[in-house]
Amino acid sequence: MNIPAQYDPSLTEDKWYAHWLEAGHFHSVPDDREPYTVVIPPPNVTGVLHMGHMLNNTIQDVLVRRARMQGKNACWVPGTDHASIATEAKVVHRLRDKGIKKSDLSRDEFLEHAWEWTHEHGGIILEQLKKLGASCDWNRTRFTMDEGYYKGVIDTFVEFHEKGLIYRGVRMVNWDPVALTALSDEEVMHTEEHGKLYYVRYAIVGEEDRWITVATTRPETIMGDTAICVHPDDERYKDLVGKKAIVPVVNREVPVIADDYIDLEFGTGCLKVTPAHDINDYELGQKHGLETIDTINADGTMSAEAGAYEGMDRFECRKKFPEELDRLGNLVKVEDYTNKVGRSERTNAVIEPRLSLQWFLAMEELSKPALEAVINDTVQFHPPKFKNSYRHWMENVKDWCISRQLWWGHQIPAWFFGEGEEDYVVARTEAEALEQARAKTGNAGLTMDDLRQDEDVMDTWFSSWIWPIQVFDGLHKEDEVAYYYPTNDLVTAPEIMFFWVARMIISGYHYRGEAPFKNVYYTGIVRDKKGRKMSKSLGNSPDPIELMKQYGADGVRVGMLLTSPAGNDLPFDDKLCEQGRNFANKIWNAFRLVQGWEVDEAKAQPEAAATAVAWMEARSQQAMEELDAAFASFRLSEALMTTYRLVWEEYCSWYLESIKPPFGEPIDGATKRATLEVFERMLKLLHPFMPFLTEEVWHWTSERGGHEDDLCVAAWPERAAYDKGILADIEMAKEVVTAIRNIRNDNGIPNKEKLELKVQPGDGYPAHLEPWIAHLTNVSGIEHVTEKVKGAFGFVQGTHRFSVPFGEGFDIDAERAKVQKDLEYQQGFLHSVRGKLSNEKFVSGAPEQVVENERKKEADALAKIAVLEEKLADLA
RNA sequence: GGGCGGUUAGCUCAGCUGGUUCAGAGCACCUCGUUUACACCGAGGGGGUCGGGGGUUCGAGUCCCUCACCGCCCA
C-alpha cells in the first residue's frame, strides 16, 4: 500500500459527499429518537455564497453532525428566501440592461422574468453549500414562495386580519424613491453626512419689516411648509405666536404656532413645519391640525405643488431653490452642517419620509411572550450580551409596516370593490373574496371583474418569520411539526436579530405556544485582515469556492472556526485556511505512520509504550470532558482548539513518539491496537469539524462494511472515568524530557549520543515512568543516587533532583551563568512568598488552604535554592 | 443624543465564583535540526504586568469609581 505523503482533498471530497447522499445519511423522518433540528437561515434565492455564509453554515454543520453522531435524529432543513426587494432590484437591473423598463411590463410579465431569474440562480447557492460539506436534508429544501409556503403566508395574513391585528392606515413611512416602496425602520441605515444648514427668513403678515428666521437642512421642502413653530417659553418669539408668516416663493400664509417639542438651542429656535416630509413635523401637524402639502413625488422629483420646480429632482431642487430665495432676499446665510441621513439598505437611496396608505401588524401584545422568553433564558442567546439590545427593541416595539410596493413576493390578499376606506375584503382565495364582497355590499351580482386585488406584496420578513414552522407545513399539518418543533439551535447574524429572530419567536409563541428554538448562536461579521467589511465594491472578499479548491473544504472549515468565538467579528486571513489544511495533512500523516507499522503478536509490549497508552487513554478522556463543556456553552473555536491540540500536541508529538518502535522493527499487537483505537476515537471527535478527511481516513483504518459503518453516522465516543494521577505524573515527566532536550540543545549534544541520567528521588517519585522518560531522551539508564552528583548538569522537578554527567568539553562558564540566573529567580520568588507569610493579616485573613499553599511554595523554593547553591559551588 | 460591549504578548483571542509560578493558547517571530509519518515537519526559545488614574481587600486582568480610546445597536 503506497499512500501519498500529502493529503489531497480533491480526491476525496466530492466522492464522500456523493456517498453520504446516496446513503441517505442526511435525510430525516420522524421516529422514536430524540430530534435535533436546525433550520437554515435561508439565503437569498439569487445569492451566491460569500464568506458570511461559509462561517454560518460551517457552524451549523458542526452542530448537526455532532448531534447526528450522538444518536439524535438530526434534521437540518435547507432552503432559500425569495428576498422580495433584493431580488426585484436585481431583476429590474437585468431588465434595464436589456433595455426593458419595469413600467413597460405588466405585473404578470414582470413576474415571469423574476421566476426565470429565480430558476436560473435559485439552485446555485445550495449547490455551493454541498461543496462545504453541509449535511442538510436536501429532500426538505423549501422556498419561501413555493406553493405550500405561499399558502401559509397568506393564511397568517388573513388570520391576523380577522383578529384585528392587521390594519390599514395612513402613516409616515420610510420611502425608498429608487425602489419605489415603503421600508420598515429596520431597513433604513443612518449615516452621518455632510450637508448644509440654510437660514431662511419668512415675513410676518401685518408687520412692517418683521421677519422670522428658521434653519433647515432641506430647503426644497419649504414649499410644503404649513406652519412655523417656536417654543412657548421662548421670549424672542412669544409675541409672534398666533400671527401669520409668509412662505417665500409660494407666498402662502401659515400660522406661527408654539410647541415645547422645539429645541431652543438648535438653529434659530424656530422650526418650519412640513408635515408631508418629516416624521416629527407630521406629528406636530396632527397635533395642531395643520394642512399637509406633498411637494415630492414617489420617485423623488418635485410635485405639482412645487410650481416651477415640478419634475426637478429633489436634490437638484435643494441647490436651485436657495438661489431663488437669495434673489428674493429670504436667504440669510448658509452653514456647513453634518447630520444623520437615512438610506435604504438595499438601494442606498436617501429615504424620503412620505405619507402613504400601508398595512400594519400591531406588535405590542404579540411580542410580550417573546420578550419574556429571552429575558428568562427559555431562549438562550450566545453570547448573552445580545439580550440587552433585544430587550431594548422589544420594549419599544412599533407596529410593523408589512406592505411593500413591489411585485415580487406574496401579494396582499385584499380585494377592493369601491373607493371608500372600508370597501375591501381580505380572503384566502378569489372565490372567498367574492363571496365576502357580495355579503359586505349586499350586491349578489358582484363578479370578479368588480374586485381589484391590492397591488402590494408583503415584507419578505413577513414570510420568513414563520420559517421554523412552515418548513414543516406546520400551519396546515401536525405530523412533522409536532416532532421537529421547537427546533434546537439557530445560527445567524446579529444584524437580523430584529428583522428575523425576534419575529420568529413572536410567531412561534403565537402559532405553537412556544419558542421556535432553544439557542441562538450569533456569528460575527467576516472582515478582511485590515478589519474592513467584505464587499463587492472593495473586492476584498475571497471566492469561497476558490478557497475550498486551494485548501480543501475541511481546511477552510477549520480556518473559519479557529478564531471566531460567538458574537466576535472574524478577521479573515488565508493563513487560517492554510493552518486548517496543515492540520488535515498532519492527521493524514499520523495515520500513514500508524498504518505502516507491521505487527508482531509475539512481541511483548515495552514498558514505555504501556505507560504511553495508559496516559493517552486518560488524556483523551480529559479532552472529551473539555470538549463537551465547550460545546455546551457554544464555544466552538475552543472546542476545535481542544481537539487540535489533542491530536497535534499530545497524540502526534508526545504519544506517537513514545511508542514508535525502533527503525525497521515491528510493533507489538497491544500497542498497535490501542493506538488505532485512540486514533479512531479522535477521528470521531474531529468529524464535525473536518468531515471529508476523517471519513476518508476512517475507511482506511479498518475494513468497513455498508453505509451504516460510515463515520458520518458512527456513534460519538462514550465518556468514561479516567486516571488523573497519570496525567499529573506525565506532566512532570514531560518537564524532565524537556530539560534533557534543553541540555542537548544548549550544549550541542546530538540526539544519537547516549546520556546518563541520575536521580535523587523526592516524595512521590513516579519510578514507573522511567522507561518512558528514557525512551524519549535516549539515556542509557536512570540510576538512583543518594548523594549529589559532581560534574553534571542538574535540574530539579518538584523535589526530585536530576543530574546528567558532563561529557567531553562542555562550557562550564555558560552553565554557571545559567545556574546563577535560576538561583536569582528562585530567591526572588522566595522573597515574595515570605513577604506574604510574614504579613500578619494574610496569615490570619486568608483561608487555611491558601496559607498552606504558600508554606509549601516556601519549602519548595528553599529546597531548590539549596540545590542551586551546591551546584554553583560545584562549578566554581 | 440614548443604550450595549470592548481595551490582556506582533496578530486573533482564553482567563468561570478575586488566592496554586495566572499572566495562558494558536498563529507569527528567533535558534537549531535533511533522525526512516509529515518542512503543509521536528526540538527549543524570546515576548505582555493585563488602556490611564484612583479605590475596596491580607491579596485584583479578576470587584467599584473615573478618564481616554475603539466598536456595535437604537433614535
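Residue numbers start from 1 in every chain, and the chains themselves are labelled A, B, ... in the order their sequence lines are given, proteins ahead of strands. These numbers come from the heavy atoms of this one structure, side chains and all, not from hydrogens, waters or symmetry mates.
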Compare the minimum distances between each of [options] and the side chain of [X], then state the nucleotide with the smallest one.
X	options	value
A:R741	B:C38, B:C74, B:A43	B:A43
A:K385	B:C27, B:G5, B:A37	B:G5
A:N742	B:G44, B:G15, B:G26	B:G44
A:N745	B:G44, B:C40, B:C41	B:G44
A:H392	B:C74, B:G26, B:G5	B:C74
A:Q6	B:C38, B:A43, B:C40	B:C40
A:N589	B:C4, B:C40, B:A37	B:A37

Taken to the nearest whole Å, OH/A:Y522 to P/B:G71 is 23 Å
Value in whole Å for how far the C1' atom of B:C38 lies from OH of A:Y651: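 Rounded to whole Å, this separation is 14 Å.
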At 4.0 Å (heavy atoms only), tell me whether [X] reaches a base, stays on the sugar-phosphate, or touches nothing.
X	result
A:E638	sugar-phosphate
A:N396	nothing
A:K660	base
A:R581	base

Could you tell me whether the phosphate oxygens of B:C27, OP1 or OP2, come under 4.0 Å of any side-chain nitrogen or oxygen in A:Y644?
yes
Notebook entry, point to check: Does a side-chain N or O from A:K586 land closer than 4.0 Å to OP1 or OP2 of B:G42, or not?
Noted result: yes
Requested in this report: In whole angstrom, give me the gap between the C1' atoms of B:C72 and B:C58.
Outcome: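 The answer is 41 Å between these two C1' atoms.
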[X]/[Y] ion pair, N-O < 4.0 Å:
X	Y	value
A:E650	A:K734	yes
A:E578	A:K575	no
A:E677	A:R681	yes
A:E352	A:R218	yes

Of all heavy-atom pairs between A:S633 and A:A629, which one has the smallest distance, and what is that distance?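 Taking A:S633 first and A:A629 second, the nearest heavy atoms are OG-O, 3.1 Å.
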Here the gap from A:F583 atom CZ to A:T643 atom OG1, rounded to the nearest 0.5 Å, amounts to 7.0 Å
ask   = Got a minute to check which stems RNA chain B is part of, using Watson-Crick or G-U wobble pairs under 3.5 Å, three or more consecutive?
value =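 So the stems come out as B:1-7 with B:68-74, B:10-13 with B:24-27, B:29-33 with B:41-45, B:51-55 with B:63-67.
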